[in-house]
Amino acid sequence: MTDRTEERLEQGLRSRADGMIEAPLTLADVKSTARTIRRRRRSAGAGVAALVAAVLLPLGLGFGDDTAVVPAPQPDVAPAGWLTDATLHLLDGTEVRLDGIAEVRAWAPLGEGYVAAGTREGAEVVSLHDADGSLETTWPATGPTEFVVDDDGRHAAWVLPTGEPVLLDGASGEIERLPSAGLGRRPRPVAIAGACPDECGVVLADGSGTAYLVPVGGTAEPFLPEVPQVRALSPDDSLAAGLVGPAPDDIHSCGGVWSAGSGQAAWEDCHDNRYLFSPDGRYVATTFAEGLGPNSLRLKDAATGVLLHEMRRVDWMPEHVWVDDEHVLVNVQRGTEWSLVRIGVDGTEEVLAGPAPGVDEEEWGMAVSPYLLPTGP
Amino acid sequence: MPPTRELPAATDADTGRMTDRGTTREATRDAEVTAWLAARQPALLRTAYLLTGDRHAAEDLLQTSLAKLYLSWDKVRDRGAIDAYARRILVNEHTSLWRRGWKRREHATDTVPEPEPVLESYDDGTAAQVWELVQGLPRRARAVVVLRYYEQLTEAETADVLGISVGTVKSQCSRALAALRERTPAHLDPSLDPSLDPTSREEER
C-alpha cells in the first residue's frame with residue numbers, strides 16, 4: 001500500500017507558494033537595512049565578536065571587521081542527569097564532581113561544562129565549571145540564586161546583588177551586565193529569549209508579576225504586555241505561559257498559554273501556576289506549587305492545553321525537567337523515600353533512580369530529596 | 001590603506017571606513033548582490049512566505065535576511081554556497097525573537113495582498129488542509145517541513161541548516177505527516193482506502 005501523504009504535503013506547499021514570482025526588494029532596500037543592523041551590532045560590545053569569530057571558522061568563512069549572523073554550530077551539551085552529594089550523575093552513566101562549591105542549590109549543563117548556584121567559602125556564588133567539574137569562575141550572588149539557561153544550553157542569566165541582570169556565555173566564561181533601569185522591585189529571571197549572542201535578551205518578572213525584556217545592547221522594555229504574569233517561554237519564543245489570577249476555589253491558579261506573536265490566548269484553565277515547555281515547544285508540563293508544594297504533574301499539548309498524561313497521588317514532587325522532546329524527569333517523594341521517575345507524554349513511567357531515603361532532615365526540619373535535577377531552559 | 005581625498009566618499013560595508021579600496025569593493029559587491037537578487041529573490045520570498053504564513057511578514061523576514069547576507073557577502077569565499085548560506089540565514093532569522101509580535105506592530109497599518117493559491121489540476125482539496133496544518137506547527141517544526149517538502153533538502157541537510165539532529169528532523173516530519181493523514185478524508189487517502197491505491201490492487205493480484 002502506497003502512502004501519498006508526502007506527495008500531498010509537497011503539492012500543498014507548492015500550490016500555496018509557487019505563484020509568488022516577485023522580487024520586491026531593491027539593492028537600496030537591502031543596504032538600508034544592512035546599515036541599521038551594522039549600527040546595532042557595533043553597540044552590542046566587543047565580547048560578541050570573539051564568539052561570532054569562533055562560529056565563523058567552522059563554516060569556512062573568512063574574517064572581516066564586522067560580525068555576521070551565522071547560525072552557530074551546536075556544541076556538545078553535557079547530558080542531563082541529577083546531582084547528589086555534589087556529584088552529577090549523568091544519564092549516560094558518567095559521574096562528574098562539581099569542585100570548589102558547596103551547598104549546591106541549582107545546576108545546569110552549560111556548553112560543554114556546567115553552571116551552578118551554591119556557596120564558596122560561605123558566600124553565595126554562581127559558578128562555572130568545565131566538563132570535568134573543575135571550577136573555572138565564580139560570581140557573587142545574594143540569597144538562593146535563581147538562574148535560567150537558554151534553549152541551546154549555551155548561555156545562562158541571573159540577577160546580581162546590584163540588581164543588574166547578567167548574561168553568562170558558557171563558551172567564553174564571560175558575563176555581560178545588562179542595565180537594571182526600569183525594572184520593578186526584586187526582578188527574577190524567567191527565560192532567555194531570542195538567539196544569543198547576537199539577538200537575545202533576558203526576560204524578568206518583578207514582584208508584581210510584570211514582565212520585562214532586557215535585550216543585549218538595549219534597555220528594559222515591557223515584555224508581552226498582553227500576557228498576564230509571564231511564567232515561561234517556549235524555546236522558539238512563539239508561546240508564552242502566564243497566570244491570570246486565583247482560581248474560583250481560591251486555592252489554585254488560572255493561567256494558560258498565549259501566542260507571543262498575536263497576544264491571543266491559546267487556552268486557559270484553573271489548575272496550575274508553574275509551566276515548563278518541552279524542548280520542541282510541542283508540550284508543556286504544569287504543576288501547582290504552593291503550600292506543601294506540587295504533588296501532581298500534568299503533561300499537556302502546548303498549543304491546545306489538551307491533557308496527555310497526569311502523574312498524581314505522590315506526596316511531593318518539588319522539581320521536574322524535560323530530558324527530551326517527550327519525557328520529563330520528576331523528583332518524586334512517596335512516603336519517606338525518593339525516586340527519579342521519567343514520565344512521557346504517552347503515559348509511560350520509568351524509575352531511573354531510587355527509591356532512596358531523604359537527607360538533611362536537621363537542616364530543613366524534614367527529609368528532603370537526595371537528588372537535585374538541573375534547571376531546564 | 002589610509003583615506004584619500006581624491007576619491008569620492010564611500011563607506012566600506014564591513015568597516016564603515018571610507019577607503020578607495022572600499023569604493024571598488026563595494027561597487028563589486030553591489031553588482032554581484034544585484035545580480036544575485038534578481039535571480040534568487042523570488043525563491044527566497046516563497047520560502048519566507050511558507051515559514052511565516054503572511055506576505056508582509058515574509059517580506060520583512062526577507063529584507064532582514066538579505067541585509068545580513070549583504071553584510072557577510074565578502075566573507076563567503078565559495079560563491080556557489082551563497083544560496084545555501086542565504087537560506088540558512090533566512091530560516092534561523094525566522095526563529096529569532098526579534099521577528100515576533102512586538103516587531104509586527106511596526107507594520108500594523110500596511111496591507112499587502114495575500115497570494116492566491118495556485119490550484120493545480122490534480123489538487124484534490126487537501127491544499128487548504130496542508131496550509132492549515134503547516135501554519136499550525138511550532139516554528140522549528142514548520143521550518144523542518146518547509147525545508148524537507150518544499151526546498152526538497154535531505155534530512156541531513158535540513159538538520160544542518162537548523163542546527164538540530166537528523167533524528168529530530170525525522171520525528172518532526174513524521175508528526176506532520178501523521179497529522180495530515182488524520183485530517184485527510186478517508187476517501188482521498190489511498191493509505192486508508194486500499195481500493196484507491198493502485199499498488200494495493202497490484203499486490204492483491
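All heavy atoms count here, side chains included; hydrogens, waters and symmetry mates do not.
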Chemist: If we ignore hydrogens and angles and just use 3.5 Å, is the side chain of T52(B) paired with the main-chain N or O of A48(B) as donor and acceptor?
Modeler: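 Yes.
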
Chemist: Which bit of D325(A) is near chain B, if near means a heavy-atom gap under 4.5 Å: side chain, backbone, both or neither?
Modeler: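 Contact with chain B: side chain only.
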
Chemist: If we ignore hydrogens and angles and just use 3.5 Å, is the side chain of S15(A) paired with the main-chain N or O of G12(A) as donor and acceptor?
Modeler: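 Here the side-chain-to-backbone pair exists.
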
Chemist: For the pair Y150(B) and W131(B), evaluate ring pair (Phe, Tyr, Trp, His ring centres under 6.0 Å) and give the outcome as yes or no after the intermediate values.
Modeler: CA-CA 12 Å; Y150(B) 185 72; W131(B) 184 245; over 10 Å; no

Chemist: When you measure from the side chain of R231(A) to the backbone of A241(A), do you find a donor-acceptor pair of N or O atoms at a distance under 3.5 Å?
Modeler: no

Chemist: Which answer fits A23(A), side chain, backbone, both or neither, if we ask what part of it has an atom under 4.5 Å from a heavy atom of chain B?
Modeler: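 Answer is both: backbone and side chain atoms of A23(A) are under 4.5 Å from chain B.
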
Chemist: How far apart are the C-alpha atoms of D29(A) and T26(A), what are their side-chain angles, what is the distance that settles it, and do they pass the side chain to side chain donor-acceptor pair (under 3.5 Å) test?
Modeler: CA-CA 5 Å; D29(A) 296 328; T26(A) 65; 3.1 Å; yes

Chemist: Between L50(B) and chain A, which part of the residue has a heavy atom less than 4.5 Å away: side chain, backbone, both or neither?
Modeler: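 The side chain, not the backbone.
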
Chemist: Please identify, among R46(B), R148(B), Q172(B), the residue contributing the most non-hydrogen atom pairs under 4.5 Å to chain A.
Modeler: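 Among R46(B), R148(B), Q172(B), the one with the most close pairs to chain A is R46(B).
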
Chemist: For H155(A), does its backbone N or O pair with a side-chain atom of D150(A) as donor and acceptor, under 3.5 Å?
Modeler: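 A pair under 3.5 Å: yes.
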
Chemist: Less than 4.0 Å between a side-chain N and a carboxylate O, is that true for E157(B) and R87(B)?
Modeler: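 No salt bridge links R87(B) with E157(B).
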
Chemist: Between R29(B) and D74(B), is there a side-chain N and carboxylate O pair less than 4.0 Å apart?
Modeler: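 Salt bridge present between R29(B) and D74(B).
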
Chemist: Only pairs of heavy atoms separated by less than 4.5 Å count here; which of Q152(B), R175(B), R40(B) has the most with chain A?
Modeler: R175(B)

Chemist: I'd like to know which of D324(A), V30(A), L25(A) tops the heavy-atom pair count under 4.5 Å against chain B.
Modeler: L25(A)

Chemist: What residues of residues 31-39 of chain B make heavy-atom contacts with chain A at a cutoff under 4.5 angstrom?
Modeler: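 Checking residues 31-39 of chain B against chain A gives V33(B), T34(B), L37(B).
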
Chemist: Report which part of E326(A) has an atom under 4.5 Å of a heavy atom belonging to chain B: side chain, backbone, both, or neither.
Modeler: side chain

Chemist: Does a side-chain heavy-atom distance below 4.5 Å link V148(A) with V190(A)?
Modeler: no

